[in-house]
Number of protein chains: 2
Amino acid sequence: MATEHSDPLTLEVVGLIGTVVARYYEEYDHAAAEHSLTGAQARVLALLSIRPMPMRRIAQKLKCEPSNVTGIVDRLETRGLVERRPDPSDRRVKLAAPTEKGRQTARQLRDGLNFAREPLADLSVEERTVLRDLLRRMLGDDAEE
Amino acid sequence: MATEHSDPLTLEVVGLIGTVVARYYEEYDHAAAEHSLTGAQARVLALLSIRPMPMRRIAQKLKCEPSNVTGIVDRLETRGLVERRPDPSDRRVKLAAPTEKGRQTARQLRDGLNFAREPLADLSVEERTVLRDLLRRMLGDDAEE
DNA sequence: TATTGTTATACTCTATAACTATA
DNA sequence: TATAGTTATAGAGTATAACAATA
């Protein structure tokens with residue numbers, strides 16, 4: 001409560017995190033664009049390549065309304081990257097799943113993300129460990145997601 | 001070049017950064033929505049509250065096409081948060097500047113961003129210093145922006 | 001009745017291209 | 001000619017509300 005939040009050190013850290021965020025998004029969108037995918041499409045494809053899931057679940061993951069997912073999956077389906085399957089246990093549900101081409105694209109997308117490389121490559125294993133522990137502390141329970 | 005990037009430690013750090021990014025955007029959009037602003041509008045307003053600038057410069061900062069800035073500033077202007085002023089030294093240029101109401105909104109927006117608080121409050125000054133130095137190293141020259 | 005996914009609608013952001021007024 | 005800003009257009013993401021099929 002009485003903690004000071006506007007000291008120069010805290011402000012600089014916040015600023016640095018902002019730069020990290022900007023760089024992260026920039027690289028993600030760039031990697032997606034190389035496959036002619038928008039950021040949202042790439043996120044859904046990446047999500048489904050981990051595990052197929054109902055439309056509703058995708059909306060929860062994206063923190064958006066379910067009606068939006070229809071269009072995003074439509075566009076991925078048109079390009080043959082994703083398909084809709086019936087759920088045997090509940091006929092209301094449609095399971096979105098990547099096709100083989102979709103899985104391949106997701107893999108290339110992941111490999112194309114060099115955010116993991118350049119920036120972290122400059123840090124030693126010890127430094128990365130310290131960074132990991134600080135980020136874990138910063139994020140609290142969220143880090144387990 | 002020969003650096004290993006897929007070791008568990010690096011992957012975990014990348015994952016944690018992804019969580020930071022998600023949390024950052026979530027809080028930013030939430031703070032903006034409390035003032036009925038979109039993310040883009042809030043970003044432009046925050047930018048102008050630092051310093052008025054030509055439309056073209058805003059586009060560079062947002063990394064988008066100049067034509068998009070017209071609409072974003074239009075909507076901010078309609079709400080009385082921003083105004084366009086002529087540039088005495090070049091009559092082609094329009095300087096976008098926040099109104100008093102705009103400056104006030106930008107200030108409230110900044111105060112509403114508790115990303116700086118909760119997460120970093122758990123870290124000591126020493127830990128924040130270590131985090132700052134690691135982030136600086138990670139970002140290289142970009143950190144000076 | 002409640003839930004899943006969809007459709008319809010409207011708004012915002014985005015890039016592209018063409019236009020205007022200045023330089 | 002080149003540049004700053006705008007307009008026009010089209011595609012994509014977003015929320016809201018209403019709908020059909022299923023539970």
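A quick note: this is a predicted structure, and the numbers were derived from the prediction, not measured. Chain letters run A, B, ... following the sequence lines, proteins first and then strands; every chain starts at 1.
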Problem - Closest non-hydrogen atom pair between B:Pro54 and B:Val93, with its separation - result: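 Answer, listing the atom of B:Pro54 first, then B:Val93: CB-CG1, 3.7 Å.
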Let me know the distance between [atom1] of [X] and [atom2] of [N], rounded to the nearest Å.
{"X": "B:Asp87", "N": "D:dA4", "atom1": "CG", "atom2": "C1'", "result": "11 Å"}
{"X": "B:Asp29", "N": "D:dG13", "atom1": "CG", "atom2": "C1'", "result": "12 Å"}
{"X": "A:Leu37", "N": "D:dG13", "atom1": "CG", "atom2": "C1'", "result": "15 Å"}
{"X": "B:Glu83", "N": "D:dG5", "atom1": "CD", "atom2": "P", "result": "16 Å"}
{"X": "B:Gln41", "N": "D:dT14", "atom1": "CD", "atom2": "C1'", "result": "13 Å"}
{"X": "A:Leu76", "N": "D:dA12", "atom1": "CG", "atom2": "C1'", "result": "12 Å"}

Exercise for the section: Specify the residue among B:Met53 and A:Pro88 whose closest nucleotide of DNA chain D lies further upstream toward the 5′ end. Expected result: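 Its nucleotide being nearer the 5' end, the pick is B:Met53.
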Handout entry: Option among A:Val82, A:Leu62, A:Ile58 that satisfies the side chain to side chain contact (heavy atoms under 4.5 Å, CB included) test with A:Ile72
Key =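 With A:Ile72 as partner, A:Val82, A:Leu62, A:Ile58 yield a single side chain to side chain contact (heavy atoms under 4.5 Å, CB included), made by A:Leu62.
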Practice task
Look only at the side chain of A:Arg132 and the backbone of B:Val13, and say whether a donor-acceptor pair between them is shorter than 3.5 Å.
Solution key: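 No.
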Exercise for the section: Would you please confirm or rule out a distance under 4.0 Å between OP1 or OP2 of C:dA23 and any side-chain N or O of B:Arg91? Expected result: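 Yes, within the criterion.
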Handout entry: A:Arg84 vs C:dT6: side-chain N/O to OP1/OP2 distance below 4.0 Å
Key =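 Affirmative; the distance criterion is met.
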Exercise for the section: Looking only at side-chain atoms of A:Asp90, point me to the closest of C:dT6, D:dT22, C:dG5. Expected result: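 For the A:Asp90 side chain, the nearest candidate turns out to be D:dT22.
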Problem - Stepwise side-chain contact (heavy atoms from CB on, under 4.5 Å) check, B:Leu81 with B:Leu37 - result: CA-CA 11 Å; B:Leu81 300 172; B:Leu37 292 170; 3.9 Å; yes
Exercise for the section: Write out all pairs satisfying side-chain hydrogen bond (donor to acceptor under 3.5 Å, both in side chains) with one or both partners inside residues 83-94 of chain A, taking only residues at least two apart or from two chains. Expected result: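 Sorted result for residues 83-94 of chain A: A:Asp74-A:Arg84, A:Glu77-A:Arg84, A:Glu83-A:Arg85, A:Asp87-A:Ser89, A:Asp90-A:Arg92.
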Handout entry: Where at least one partner belongs to residues 29-48 of chain B, residue pairs that pass side-chain hydrogen bond (donor to acceptor under 3.5 Å, both in side chains), sequence neighbours excluded
Key =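 Non-adjacent pairs meeting side-chain hydrogen bond (donor to acceptor under 3.5 Å, both in side chains): zero.
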Which part of the nucleic acid does [X] contact within heavy-atom distance under 4.0 Å: base, sugar-phosphate only, or nothing?
{"X": "A:Arg56", "result": "base"}
{"X": "A:Arg57", "result": "nothing"}
{"X": "A:Thr38", "result": "sugar-phosphate"}

Handout entry: nucleotides 14-21 of chain C: protein proximity per nucleotide (B base, S sugar-phosphate only, - neither; heavy atom, under 4.0 Å)
Key = BBBB----
Exercise for the section: State whether B:Arg23 and B:Glu26 are salt-bridged, where the test is any N-O pair (Lys NZ or Arg NE/NH1/NH2 against Asp/Glu carboxylate O) under 4.0 Å. Expected result: no
